[in-house]
Novice: 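Before anything else, here's the structure in question.
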Amino acid sequence: MWARPGAARCRPSSRTPGRTSARRMRAGSRWFRRSIPPWRRWPPRKPKAHPIGESGMAEERLPSRSDNFAEWYNQLVLRSELADYAPVRGCMVIRPYGWALWENLQAALDSRFKATGVTNAAFPLLIPMSFLEREKQHVEGFAPELAVVTIGGGEKLEEPLVVRPTSETIIGHMWSKWIKSYRDLPLLLNQWNSVVRWEMRTKLFLRTMEFYWQEGHTAHAGPDEAEGRTRQMLDIYADFAENEAAVPVVRGQKSESEKFAGALRSYSIEAMMGDTRALQAGTSHNLGDNFARAFDIRYLDKENQLQYAWTTSWGLSTRFIGAIIMVHGDDQGLILPPRLAPHQVVVVPIHKSDDERALVMGALDRLADELRRFRVHVDTRDGLTPGFKFNDWEMRGVPVRLEIGPKDVAREQVMLARRDTPGKQGKLAVPFAALADGIQAMLDDIHTALFQRATDFRQAHTHTPSDYAEFRQVVEDGWADVWWCGRSACETEIKEDTRASTRCIPLDQPGGTGRCIHCGEPAEKRALFARAY
RNA sequence: CGGGGUGUAGCGCAGUUGGCAGCGCACCGCGUUUGGGACGCGGGGGUCGGCGGUUCAAGUCCGCCCACCCCGACCA
């Protein structure tokens, strides 16, 4: 593993089969070094305090969450085997455990999309450079972070191809061919894919150069329908976040400076991480007729008049996994929300002799029907003590642990332990006969408790400062909910001064008006300011 | 690009005045263990970042190069 710096991983070993390609990569890195400042490199940081400590003991404990949040996060992602660093700067490998989690997110979102009439499709990875240039704001927004293919098959390409940073343009191009009549609308598509954005500063799950997501794209006959769909998808994201991931979110509108490049309006769901920083966890954009004009997406309406279509796009990425980690995790490791966890229940059988083993495994066989409705993993690894397994699965965030040993079998019961409640308080003896109901109740309880805990935390760290001096204080360790004039200049000054930016203008407004927290000008809306990921 | 720092086993490190390249963890094998992070014995694993120099002898001294990390103008 080469999570930490070390020349070994950058230098092709003489035994490495892919020596030649490694050489080529190295030459490639020389090419982009001119434009990529060297102060931002991969992996993102060297761990300040190694989890082992000076004793040289086994890697047992994580860095404490309160002590060093960033390092706690990095170590946890690696050690829980959600992901690992890839050999290319800024890229990550999502490992089976992480991908299983993503698949559960996908399933929960996909069914919600389909329930509203959306169907899935796939558009290509490579997009002609000229497409990006069709929409002025769009190209200005994305130009700095494009990966561009200039050579194919050994020949210099006549027109460079960009690796999609998002697919509005190529979808717009196709739609101009497909959409002719009001009968073709609305057109509701989604695709699950990955996109590439050449990021300077990267962090596992939260910001990598390639990331997985879904991008939904819809076209409508009028602006109201487009706005309605934009808001509908935002609501779906909020519902998903709260009812599947137990992550409380604020729905709101992005400021001018924070909105999507090329959008009329952007909305987001914003979540508070365990260090009080904000994370944009999903976005929904009303693109107006901007892309329809750029790509000539027009249809004939009922009156035989040619009209531009109105489009939307909306996305949620593997970044959300980062949110789950940072919202729920604790010093012991991950705490995965029960409805998304790859394993909802992990079984740790306890036995000394072969006879005991047969006894315990036989009892588990008889419980198979009870357990079938949950995602259950039985940890049969030899040579590890139960204590080790308890800690291991706690680190990996499994919501419920089922312990079963000879004493339990004799009493026709198992011990259930809930991940969100440490120690004896979290343990409960449950009779065989009531196992399924007991587990279901515990999973539901955990979901509710996680959501409540996160909501309380957010509440405790969301402040309503009465003047700018106090504002500067509170954004050091929380969110500020304040009147804001809405001017970009004012927003920029605040950001430069405090590093806090507008996260959103919440849709739920108290009403009334006030004075801008910074400039004192009249303000009609309250905004959330926070330091963000 | 500027300032500061680091390169020795998969990871974390030690290596004295230059003298057989080591330790802990991880990994493999055997045995004893197993209800909250077990232990013993045995084993595999190195271009000491690279190239050149000084020397009988370089991980160690000298020169050049390379890579990476931290701090200062992007973002799902």
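Lettering follows sequence order; numbering is per chain, from 1.
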Novice: Applying a 4.0 Å non-hydrogen cut-off, can you work out what A:Lys427 is touching in the nucleic acid: base, sugar-phosphate, or nothing?
Specialist: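 Base, at least one base atom sits under 4.0 Å.
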Novice: Please report the distance separating the P of B:A58 from the corresponding atom of B:A21, rounded so that it comes out in whole Å.
Specialist: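 Comparing P positions in B:A58 and B:A21 gives a spacing of 11 Å.
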Novice: Counting the atoms with a prime plus P, OP1 and OP2 as sugar-phosphate, which does A:Gln280 contact under 4.0 Å by heavy atoms, base, sugar-phosphate, or nothing?
Specialist: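 Touches sugar-phosphate only.
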Novice: For the C1' atoms, the ones on B:G18 and on B:C48, what distance do you get once it is rounded to whole angstrom?
Specialist: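 Each nucleotide's C1' atom is 15 Å from the other's.
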Novice: B:U16 and B:G22: how far apart are their C1' atoms, nearest whole angstrom?
Specialist: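 It comes out at 14 Å once rounded to the nearest Å.
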Novice: Decide whether A:His138 and A:Glu140 meet the rule of one side-chain donor and one side-chain acceptor closer than 3.5 Å.
Specialist: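 Looking only at side-chain atoms, A:Glu140 and A:His138 do not form any donor-acceptor pair under 3.5 Å.
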Novice: Rounded to whole Å, how long is the line connecting atom CG of A:Asn391 with atom C1' of B:U34?
Specialist: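 Atom CG in A:Asn391 sits about 14 Å away from atom C1' in B:U34.
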Novice: If we take the C1' atom in both B:U47 and B:U8, what is their distance in whole Å?
Specialist: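 Looking at atom C1' only, B:U47 and B:U8 are 12 Å apart.
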Novice: Contacts to RNA chain B from residues 230-262 of chain A, heavy-atom cutoff under 4.0 Å, which residues?
Specialist: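 The stretch gives none, as no residue of it lies under 4.0 Å from the strand.
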Novice: In whole Å, measure the gap between the C1' atoms of B:G49 and B:C66 for me.
Specialist: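 One C1' to the other, the span is 7 Å.
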Novice: Looking only at the side chains, is there a donor atom on one of A:Thr312 and A:Thr218 sitting less than 3.5 Å from an acceptor on the other?
Specialist: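 Yes, A:Thr218 and A:Thr312 have a side-chain donor paired with an acceptor closer than 3.5 Å.
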Novice: State plainly whether the residues A:Glu394 and A:Arg419 are in salt-bridge range, i.e. N to O under 4.0 Å.
Specialist: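 A salt bridge is absent here (no side-chain N lies under 4.0 Å from a carboxylate O).
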Novice: From B:A76, B:G36, B:U34, pick the nucleotide closest to the side chain of A:Thr385?
Specialist: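 Nearest to the side chain of A:Thr385 among the choices is B:U34.
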Novice: What is the separation between atom CG on A:Leu78 and atom P on B:G12, rounded to the nearest whole Å?
Specialist: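 Computing the A:Leu78:CG to B:G12:P distance gives 11 Å.
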Novice: With no hydrogens and no angle check, do the side chains of A:Arg418 and A:Thr421 hold a donor and an acceptor under 3.5 Å apart?
Specialist: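 Side chains of A:Arg418 and A:Thr421: pair found under 3.5 Å.
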Novice: Applying a 3.5 Å limit to both distances, which nucleotide forms a Watson-Crick or G-U wobble pair with B:U16?
Specialist: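 No nucleotide pairs with B:U16.
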Novice: Let's test this: given Watson-Crick or G-U wobble pairing with both distances under 3.5 Å, identify the partner of B:C74.
Specialist: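 Base-paired to nothing in any strand shown.
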Novice: Between A:Ser353 and A:Lys389, which is nearer to the 5' end of RNA chain B once each is assigned its nearest nucleotide?
Specialist: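 The residue whose closest nucleotide sits nearer the 5' end is A:Ser353.
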Novice: Would you check if there is a donor-acceptor pair between the side chains of A:Thr169 and A:Glu135 at a distance under 3.5 Å?
Specialist: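 Side-chain D/A pair, A:Glu135 to A:Thr169: absent.
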Novice: A:Tyr267 OH to B:A76 C1': how many Å, rounded?
Specialist: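 Atom OH in A:Tyr267 sits about 19 Å away from atom C1' in B:A76.
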Novice: If we call it a pair only when both distances are under 3.5 Å in a Watson-Crick or G-U wobble match, what pairs with B:A38?
Specialist: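 B:U32 - that is the nucleotide pairing with B:A38, both distances being under 3.5 Å.
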Novice: Which part of the nucleic acid does A:Arg401 contact within heavy-atom distance under 4.0 Å: base, sugar-phosphate only, or nothing?
Specialist: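 Result for A:Arg401 = base.
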Novice: Paired with B:A21 by Watson-Crick or G-U wobble geometry, both distances under 3.5 Å: which nucleotide is it?
Specialist: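 Answer to the pairing question: none, since B:A21 forms no Watson-Crick or G-U pair.
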Novice: Please name the pair of heavy atoms, one in A:Leu132 and one in A:Val139, separated by the smallest distance, quoted to 0.1 Å.
Specialist: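 Looking at all heavy atoms of both residues, the shortest contact is O-CB, 3.2 Å.
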Novice: Quickly work out the A:Asp84 CG to B:G10 C1' distance and round it to whole Å.
Specialist: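 Computing the A:Asp84:CG to B:G10:C1' distance gives 11 Å.
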Novice: What I want to check is whether an N or O donor and acceptor connect the side chain of A:Asp392 with the base of B:G37 at under 3.5 Å.
Specialist: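 No, the side chain and the base share no sub-3.5 Å donor-acceptor pair.
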Novice: For B:A26, what is the paired nucleotide under Watson-Crick or G-U wobble rules, both distances under 3.5 Å?
Specialist: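 Its partner is none (no Watson-Crick or G-U wobble pair with both distances under 3.5 Å).
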Novice: Pick base, sugar-phosphate or nothing for A:Leu316, based on heavy-atom distances below 4.0 Å to the nucleic acid.
Specialist: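 Nothing, no heavy atom under 4.0 Å.
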Novice: What is the ring orientation for A:Trp99 with A:Tyr212, classed by angle as parallel under 30°, tilted 30 to 60°, or perpendicular over 60°?
Specialist: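 A:Trp99 vs A:Tyr212 ring planes: perpendicular.
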Novice: For A:Lys495 and A:Gly383, take the nucleotide of RNA chain B holding the closest heavy atom to each; which residue's nucleotide lies nearer the 5' end?
Specialist: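 Its nucleotide being nearer the 5' end, the pick is A:Gly383.
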Novice: Quote, to the nearest angstrom, the C1' distance that separates B:G15 from B:G24.
Specialist: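 Result for the C1' pair: 15 Å, nearest Å.
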Novice: Could you measure between the two P atoms, the one in B:G19 and the one in B:C61, and give it in whole Å?
Specialist: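 B:G19 and B:C61 have their P atoms separated by 11 Å.
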Novice: Fit a plane to each ring of A:Phe260 and A:His285, take the angle between them on a 0 to 90° scale, and name the class: parallel (under 30°), tilted (30 to 60°) or perpendicular (over 60°).
Specialist: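 A:Phe260 vs A:His285 ring planes: parallel.
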Novice: Could you say whether the aromatic ring of A:Phe211 and the base of B:A76 stack, counting only centre distances under 5.5 Å and plane angles under 30°?
Specialist: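 Aromatic stack with B:A76 present for A:Phe211.
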Novice: Using a 4.0 Å heavy-atom cut-off across all strands, classify A:Leu384 as base, sugar-phosphate, or nothing.
Specialist: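 Here A:Leu384 touches the bases of the nucleic acid.
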Novice: Can you tell me the base-pairing partner of B:A67? Count Watson-Crick or G-U wobble geometry only, both distances below 3.5 Å, and say none if there is no partner.
Specialist: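 B:A67 is paired, partner B:U6.
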Novice: Name the orientation class of the two ring planes belonging to A:Trp213 and A:Phe211 (parallel below 30°, tilted from 30 to 60°, perpendicular beyond 60°).
Specialist: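 Aromatic pair A:Trp213/A:Phe211 classed perpendicular.
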Novice: Base, sugar-phosphate, or nothing for A:Gly315, non-hydrogen atoms under 4.0 angstrom?
Specialist: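 Contact class for A:Gly315: none.
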Novice: How far, in whole Å, is B:G36 from B:G31 if one measures between their P atoms?
Specialist: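 Those two atoms are separated by 26 Å.
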